[in-house]
Amino acid sequence: MSSTDATPLSEDMLIIHGGTPLEGEVTVRGAKNLVSKAMVAALLGTSPSVLRSVPAIRDVEVVTGLLRVHGVDVELDGDTLYMDPTSVESAGVEEINVHAGTSRIPILLCGPLLHRLGRAFIPDLGGCNIGGRPIDFHLDALRQFGAVVEKDASGTHLSAPNGLHGIRYELEFPSVGATEQVLLTAVMAKGTTELRNAAIEPEIIDLICVLQKMGAIIKVHTNRVIEIVGVDELKGYRHRALPDRIEAASWASAALATEGSVFVRGAQQADMMTFLNVFRSIGGAYEVDDDPVEGGIRFWHPGTPLKPVALETDVHPGLMTDWQQPIVVALTQADGLSIMHETVYENRFGYTSELRRMGANIELYSDCLGGTPCRWGRRNFLHSAVIAGPSKLHAADLQIPDLRAGFSHLIAAMAAEGTSRVYGVDRYITRGYENFEEKLLGLGAKIERPVTK
Ligand code: UD1
């Protein structure tokens, strides 16, 4: 959704009295970017699956709805999700279309549904408005596997009249979703699949762990090569989702920007190494407690001026693109010129216009600044930002444009002097952040909902 089609609703608004350091503790649960995919994987099993550490976020509700219309029995008990796919059935276009535009996950149902039912239907996709977000890699790979893809006004219809067979395939770019598409399709395709230039994000490795528990044979080689040997049958799994490293980094950046101190229970050092290096380079302090149950990472502002840095986002193990926005907010408080070169999405700086209105000094450029030339250079995409700090941020009325940018607006409003109104919190933030209001209140943030008549 773009900010333009998001009508500001006064009840979908949070009032933030800024200027208070965030102090205390939050817990992060399973990663949104794994949980939704592991739910899709459950479709492939001949027996029920159990997924633990499932966050209460809207993307989980959307995938629950999609699984249910296909006959999967889904029950949530606390943060444990039970999924029974033994009665999977075809769903009607209308039932599926109820979920159109709410998330990009439906595209990942293609392979599992083609295996289980011989056909699949994909509605118009949603997700955050941060670039073109095409699905050409997905559809191309599915065609190579043997799927017949037909588009009409209602969406995309797929069938596999001759079944699906293994492929040798090289991705143009290590796309997370396309890698997951190939994995979820190849595990039960006839023969072996070799995927080159694959994405290897921790959430993908965790999905591979899920599929391996189900009976899949998947080898992750060096140099982004993944080999999958198709099997005839997969069973259900029991799995605890890896923690959400995007949410963890969001709280870390909030601690830095508000000059506070936050212990993020559940944050895991191994998945956040690149972020931790950046956090330290900026001048932030952290301490890792690696107790397997109670552990996490405490992040705090040490009281000394923050330092400017030149950064660029990249696929894993590079700096994650979803960490970009919270880091930029923190960099508005650094002492000097910082550069952020966004190489994954062409249009992920839209949120900076709101930060500028709050007093941040940020200029956007279409050149590839401060790093290696990327796909977006010389094409008029404003994908590099120069941030001059430190800026005193002041309160403003803000309209959230997408999920990750939205959390950055919250951070900026909490760091700013005065009272801000942030619109679109229910529409966007709840897609990916569990109980964010309670967590903010627990950290001492001065927030309130407008009084409704
Ligand atoms: C996932 C994450 C998102 C994260 C992103 C990159 C989920 C639910 N979302 O999104 O939080 O920001 O990875 O780490 O897991 N592309 C194509 N054609 C395609 C597919 C992708 O050109 O068919 C391009 C995209 O436009 C983008 C780049 O590849 O420029 C990366 O996208 P991709 O890794 O696929 O992102 P998602 O899987 O959608």
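The first residue in the sequence is number 1, and the count goes up from there.
A salt bridge is absent between Lys235 and Glu233: the closest approach of a Lys/Arg side-chain nitrogen to an acidic carboxylate oxygen does not fall below 4.0 angstrom.
With sequence neighbours left out, His341 forms a ring pair (Phe, Tyr, Trp, His ring centres under 6.0 Å) with His383. Under the rule for a ring pair (Phe, Tyr, Trp, His ring centres under 6.0 Å), the partners of Phe381 that lie at least two apart in sequence or sit in another chain are Trp376. Taking Lys190 as the reference, nothing meets the salt bridge (Lys or Arg N to Asp or Glu O under 4.0 Å) condition, with sequence neighbours excluded. Scanning for ring pair (Phe, Tyr, Trp, His ring centres under 6.0 Å) contacts around Tyr351 gives an empty result, with sequence neighbours left out.
The stretch residues 182-239 participates, sequence neighbours left out, in no ring pair (Phe, Tyr, Trp, His ring centres under 6.0 Å) pair at all. Within the structure, every pair that satisfies the ring pair (Phe, Tyr, Trp, His ring centres under 6.0 Å) test and touches residues 139-169, not counting sequence neighbours, is listed here: Phe121-His157.
Taking a 6.0 Å sphere around CZ of Arg449, one finds it holds more than 12 heavy atoms contributed by other residues, nucleotides or ligands. For Gln144, the CD atom counts as densely surrounded, since its 6.0 Å shell holds more than 12 non-hydrogen atoms of other residues, nucleotides or ligands. Taking a 6.0 Å sphere around CD of Glu170, one finds it holds more than 12 heavy atoms contributed by other residues, nucleotides or ligands. Environment of CZ in Arg119: sparse, with no more than 12 heavy atoms of neighbouring residues, nucleotides or ligands closer than 6.0 Å. Within 6.0 Å of CG in Asp232 there are 12 or fewer heavy atoms belonging to other residues, nucleotides or ligands. Within 6.0 Å of CZ in Arg238 there are 12 or fewer heavy atoms belonging to other residues, nucleotides or ligands.
Proximity of Val148 to Pro161: side-chain heavy atoms (C-beta onward) are separated by under 4.5 Å at one or more points. Between Val40 and Pro112, some side-chain heavy-atom pair lies under the 4.5 Å cut-off. Within the 4.5 Å cutoff, the side chain of Lys32 has heavy atoms near those of the Arg431 side chain. Put simply, the side chain of Met272 does not reach to within 4.5 Å of the side chain of Val264, judged on heavy atoms.
Checking side-chain atoms of Glu354 against main-chain N and O of Gln399 turns up a donor-acceptor pair under 3.5 Å. Judged purely by atom type and a 3.5 angstrom limit, Gln324 uses its side chain to pair as donor or acceptor with the backbone of Arg348. Proximity of a side-chain donor or acceptor of Thr193 to a complementary backbone N or O of Ile167 within less than 3.5 Å is detected. Proximity of a side-chain donor or acceptor of Arg116 to a complementary backbone N or O of Gly45 within less than 3.5 Å is detected.
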side-chain contact (heavy atoms from CB on, under 4.5 Å) assessment of Leu207 paired with Leu34
CA-CA 7 Å; Leu207 178 64; Leu34 174 273; 4.0 Å; yes
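Atom CD in Glu203 sits 7.0 Å away from atom CG in Asp271 (nearest 0.5 Å). The line from CG of Asn33 to CE of Met320 is 5.5 Å long, rounded to the nearest 0.5 Å. From Ile204, atom CD1 reaches atom CG of Leu183 across 7.0 Å, with rounding to the nearest 0.5 Å.
Judged by a 6.0 Å distance limit and a 45° cone about the ring axis, Arg375 is positioned over the six-membered ring of Phe173.
Thr321 and Glu342 share a donor-acceptor pair across their side chains, judged by distance under 3.5 Å alone. In this model, no donor atom of one side chain and acceptor atom of the other lie less than 3.5 Å apart for Arg404 and Tyr428.
Between Phe436 and Trp251, the distance from one ring center to the other does not fall under 6.0 angstrom.
Screening Ile327, Leu256, Ile297 for a side chain to side chain contact (heavy atoms under 4.5 Å, CB included) with Phe279, the sole residue that qualifies is Leu256.
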